[in-house]
J.: 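One structure, pasted below without further comment.
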Amino acid sequence: MSAVARVTLPDGKTLEVERDKTCGDVAAMIGPGLARAAIACYWRGELCASEQQLGGDGSLSIITKKSPDAVRVLRHSAAHLLAAAVRDLFPDAQLGFGPPTDEGFYYDFVVEEPFTPEDLERIEFRMRELKKEGLPFTRREMDAAAAAAELRRLGYQLKAEYLEELKLTAEVISFYDNGDRFTDMCRGGHVASFQAISAFKLVGASGAHWRGDVDNAPMQRIHGTAFFTQEDLDHHLAMIEEAKKRDHRRLGPALDLFSFHEEAPGFPFWHAGGMVVWHEIESLVRGELLGRGYKEIRTPLIMTDELWRKSGHYDHYRDNMYFVEKDSRSYAVKPMNCPGACIVYATDLHSYRDLPLRIAEFGFVHRYELSGVLHGLFRARGFTQDDAHVYCTPDQIEAEVLDCLDMLRVVYRTLGFDDVRLFLSTRPEDRMGEEELWDRAESALESALRAADEEFEVNAGDGAFYGPKIDIYLTDSLGRGWQCGTIQLDFQMPERFDLEYVGADGARHRPVMIHRAILGSMERMIGVLVEHYAGQLPVWLAPVQAILLPITDRQSPYAEDIAVRFRKAGLRIDVDGRGDKIGSKIRDAHNRRIPYLLIVGDREVQDETVSVRPRGGADRGAVPVDDLVAELARLHAERAPMSDTAQSDEGQSAETQSVRTQSAGSDEPGPTKQT
RNA sequence: GCUGCCGUAGCUCAGUGGUAGAGCACCUCCUUGGUAAGGAGGAGGUCACGGGUUCAAAUCCCGUCGGCAGCUCCA
């Protein structure tokens, strides 16, 4: 065995280092600055403490404060600080696990009584006191037997039990001490000391079970979050507040777009206002489909079980499907549109001249979701995919994917999303199909991405079992990522449905199938838009684009009269003919997020004008009616991103300003996906 | 689905064992007022549903349904 380890660095360079050196030693060899900045590292792809011994060859990446993962280390340290404070205040509390999460960290405890909000305040206060003491994190290593003894000495029963299962695989068990205040068995790494946990906050408590298993002891989980600077923490908390204000589950019903009811849990009821938004989006997409040579179809909502057995959905997805029985046959409500599209494909014998055959469907699908995961429009049990299936030859994949990416950019930009992240997911271990086909498919996707000049990340091994895919995340005005679009290659479905085309050689061939969705789900996209715009939809999407506000009822006939001129131009306009004062009508129209408020008094009647007050802006003065009709018609036709002055909405919604330009609070891809 | 919390008027919420409340919204009347809430009056609730305890239940207990947060899940 060589005494030298070959260490590969992120830039591809390799270093030869003695095997018994640690990752921290390597950092010091690279530079003293890096050694000081090092918080932890990735050694052979796993998060490790700087004290990790190399022990052999591998790849090394040093985590500094600037690394995206550094905050996870900080949060992990914060979890220790939390546990230290809890043990101080509740000496009988048994410790569970305390890992970092995407948003923060948590720690599980076995305690007699659930933690109260007052307890959390005391714990947080104690954490601040402990932080001030500034005890360093110091690492100790021992073998499993010694570790078990140590855990029993500390009174950590659950961890001791856990270790007994673990010890077969782990040779070295590490502990982290903070002086004699607190000790925890932990892989590390950690920041230097409690003092280094600069900004943190406890955000709540909830129930949990030991090791996540309901048959195990119930525990209490305390959630918190931590950042390197107070500014980042404040920003994070402000973002959460902002997201709460924009919550589509509150705004949607308030703006009369949709509602949810006990009579159909998980299924939205679309109101007239929501349907306007729906139809505008649908027509945007349909316009693109036409220009790109798609055919649009509609397949049945309910099809027999046999179909779903054939497609493979029954085996894999049965628990999430709805079934109905009639005529002693069993039918399933469709959870996906592709089998229907395949049936339509197979109604004809296709020539290679027909390919690529692009078949689109706004398909209403039903998927039974566990009650706990339902979340307004973001996670519903019934939703409408803007689905399409492209049947083509392997040679055509690249061009088709390129066109999908182009359409995606156009649609997203029109909706107001410029920031998009793409992920290429390649072959998973458990897969079907020949290697050669996978090679071709993956390289087709990759070259399409390059041809589109798109930056992308590779999620190796994350593809579907039936083919590789590109997942597209858009970023909203709060910096949150949402997985909406997806482009998936499928070699299996054409096989299962025995789809064919006749080639130039006169022989029958198997087409490749591309599943693609741009919006993902109409419902969810509308939810995202409501939150993205804080309810202040641009003119083309707004259910009511302008409202006429007569000063007194003397001007009401005039208002009704000119409203007709707006409607004839295809615009959506209301008249507020109530007997309220103008201030009250303005306030009300603002709360409805109507883009244009048009005030009409005697002067305007006289001059055949309206006084224009754009949403969020000040009085723009009198504008001839015909000019304004033309202006709004243009904004509508062009699907202009926002009405020109609609920036903020001070008073009742300062919510829209300030956040739009801020950098992403979290770069994590969106928490939900539904395609 | 799991853990915890919650369910009172269209909405936001008071009401901890003794006759169901407020603000906003709605309706009527007065007011006709020029850029973010004019005034008065009225109507509106089987306190989610079912069972139990009690002389008495919105209130306490059990169950069901629904919601929220977190967990898990999203072929």
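All values below come from the heavy atoms of this structure, side chains included, with hydrogens, waters and symmetry mates left out. Each chain gets a letter, A, B and so on, in the order the sequences are listed, and its residues count up from 1.
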J.: My understanding is that only residues two or more places apart in sequence, or in another chain, count here; which of them pass side chain to side chain contact (heavy atoms under 4.5 Å, CB included) with A:Lys585?
T.: A:Leu549, A:Pro550, A:Asp576, A:Asp580
J.: Taking the six-membered ring for Trp, are A:His76 and A:Phe105 closer than 6.0 Å centroid to centroid?
T.: no
J.: Starting at NZ of A:Lys310 and ending at P of B:A75, how long is that distance when rounded to a whole Å?
T.: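 After rounding, the gap between these two atoms is 24 Å.
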J.: Is A:His590 stacked on the base of B:A36, with ring centres under 5.5 Å apart and planes under 30° apart?
T.: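 Answer is yes, a stack.
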J.: Does a side-chain heavy-atom distance below 4.5 Å link A:Val276 with A:Leu257?
T.: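 Result no, sub-4.5 Å side-chain heavy-atom pair not found.
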J.: Measure from the side chain of A:Ser584, starting at C-beta and using heavy atoms only, and say which of B:A37, B:A75, B:G34 lies closest.
T.: B:A37
J.: Run the side chain to side chain contact (heavy atoms under 4.5 Å, CB included) test against A:Arg592 and tell me which residues pass, sequence neighbours left out.
T.: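 A:Arg592: side chain to side chain contact (heavy atoms under 4.5 Å, CB included) contacts with A:Val544, A:Ile547, A:Asp574, A:Asp588, A:Ile594.
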J.: If you look at every heavy atom in A:Pro339 and A:Phe497, which pair is closest and at what distance?
T.: CB-CZ, 3.8 Å
J.: By the 4.0 Å heavy-atom rule, please label A:Gly372 as base, sugar-phosphate, or nothing.
T.: base
J.: Return the value, rounded to whole Å, for the distance between atom CG of A:Leu251 and atom P of B:U12.
T.: 13 Å
J.: Which base sits across from B:U64 as a Watson-Crick or G-U pair, both distances under 3.5 Å?
T.: B:A48
J.: Tell me the closest heavy-atom pair linking A:Pro428 and A:Gly463, and the distance in Å.
T.: CG-O, 3.4 Å
J.: Between A:Ile586 and A:Tyr466, who's closer to the 5' end of RNA chain B by nearest nucleotide?
T.: A:Ile586
J.: Tell me the partner of B:G70, counting only Watson-Crick (N1-N3 plus N6-O4 or O6-N4) or G-U wobble (N1-O2 and O6-N3) with both under 3.5 Å; none if nothing fits.
T.: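 Pairing partner: B:C2.
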J.: Out of B:U35, B:A36, B:G67, which has the shortest distance to the side chain of A:Ser611?
T.: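 Output: B:U35.
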J.: If you assign each of A:Thr101 and A:Gly266 to its closest nucleotide in RNA chain B, which residue comes earlier from the 5' end?
T.: A:Gly266
J.: Nearest-Å distance, CZ (A:Arg592) to P (B:A25)?
T.: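 After rounding, the gap between these two atoms is 14 Å.
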J.: Could you please name the partner base of B:C26, counting Watson-Crick and G-U wobble pairs only when both distances are under 3.5 Å?
T.: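 Paired with B:C26, as far as the under-3.5 Å criterion goes, is B:G42.
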J.: Give the nucleotide from the list B:A36, B:C68, B:G66 with an atom nearest to the side chain of A:Pro265.
T.: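 The closest nucleotide is B:G66.
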J.: What's the NE2-P distance between A:His313 and B:C74, to the nearest Å?
T.: 15 Å
J.: Give the nucleotide from the list B:G1, B:A75, B:C26 with an atom nearest to the side chain of A:Met336.
T.: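 Selected nucleotide: B:A75.
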J.: With respect to the side chain of A:Asp602, which nucleotide from B:A37, B:G34, B:G67 is positioned closest?
T.: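 Out of B:A37, B:G34, B:G67, the nucleotide with an atom closest to A:Asp602's side chain is B:G34.
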J.: If we call it a pair only when both distances are under 3.5 Å in a Watson-Crick or G-U wobble match, what pairs with B:A20?
T.: none
J.: Side chain of A:Glu263, base of B:G66: donor and acceptor closer than 3.5 Å?
T.: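 No, the side chain and the base share no sub-3.5 Å donor-acceptor pair.
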J.: State which residues pass salt bridge (charged side-chain N to carboxylate O under 4.0 Å, His left out) with A:Asp607; sequence neighbours excluded, sorted by chain then number.
T.: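 Checked A:Asp607 against salt bridge (charged side-chain N to carboxylate O under 4.0 Å, His left out); zero matches.
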J.: Can you find a donor-acceptor pair, distance only, under 3.5 Å between A:Arg379 side chain and B:C73 base?
T.: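 Yes, a donor-acceptor pair under 3.5 Å.
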J.: Got a sec, which residues hit salt bridge (charged side-chain N to carboxylate O under 4.0 Å, His left out) with A:Asp386, two or more places apart in sequence or on another chain?
T.: none
J.: Look at the side chain of A:Arg613 against the base of B:U35 and say whether a donor-acceptor pair falls under 3.5 Å; ignore hydrogens and angles.
T.: yes
J.: Quick check on B:G33: is either OP1 or OP2 less than 4.0 Å from any side-chain nitrogen or oxygen of A:Thr552?
T.: no
J.: How would you list, by chain and number, every residue that makes a salt bridge (charged side-chain N to carboxylate O under 4.0 Å, His left out) with A:Asp108, sequence neighbours excluded?
T.: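 In terms of salt bridge (charged side-chain N to carboxylate O under 4.0 Å, His left out), with neighbours along the sequence ignored, A:Asp108 is linked to A:Arg221.
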J.: For A:Phe109 and B:U3, give me the distance from atom CZ to atom C1', rounded to whole Å.
T.: 16 Å
J.: Whole angstrom is fine here: how far is it from CZ in A:Phe258 over to P in B:G10?
T.: 20 Å
J.: Of the options B:A36, B:G34, B:A69, whose atoms approach the side-chain atoms of A:Ile551 most closely?
T.: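 Ranking B:A36, B:G34, B:A69 by closest atom to the A:Ile551 side chain puts B:G34 first.
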J.: Could you let me know what B:U54 is paired to, Watson-Crick or G-U wobble, both distances under 3.5 Å, or none if it's on its own?
T.: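 Paired with no nucleotide.
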J.: Could you check which of B:A69, B:C73, B:U32 has an atom nearest any side-chain atom of A:Arg249?
T.: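 Selected nucleotide (nearest to the side chain): B:A69.
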J.: Which part of the nucleic acid, if any, lies within contact of A:Arg578, taking any heavy atom under 4.0 Å across all strands shown: a base, the sugar-phosphate backbone alone, or nothing?
T.: sugar-phosphate
J.: Measure the distance from CE on A:Met219 to P on B:G70 and round it to the nearest whole Å.
T.: 20 Å
J.: Taking atom P of B:A75 as reference, at what distance in whole Å does atom NE2 of A:His515 sit?
T.: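 Rounded to the whole Å, the gap is 13 Å.
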J.: When you measure from the side chain of A:His223, which nucleotide among B:G67, B:A37, B:G70 comes out closest?
T.: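 So the nucleotide nearest the side chain must be B:G70.
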J.: Return the nucleotide paired to B:A14: Watson-Crick means purine N1 to pyrimidine N3 with N6-O4 or O6-N4, wobble means G-U with N1-O2 and O6-N3, both under 3.5 Å.
T.: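 By the stated definition (distances under 3.5 Å), nothing pairs with B:A14.
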J.: What does nucleotides 4-9 of chain B look like as a protein-contact string, B for base, S for sugar-phosphate only, - for none, at under 4.0 angstrom between heavy atoms?
T.: ---B--
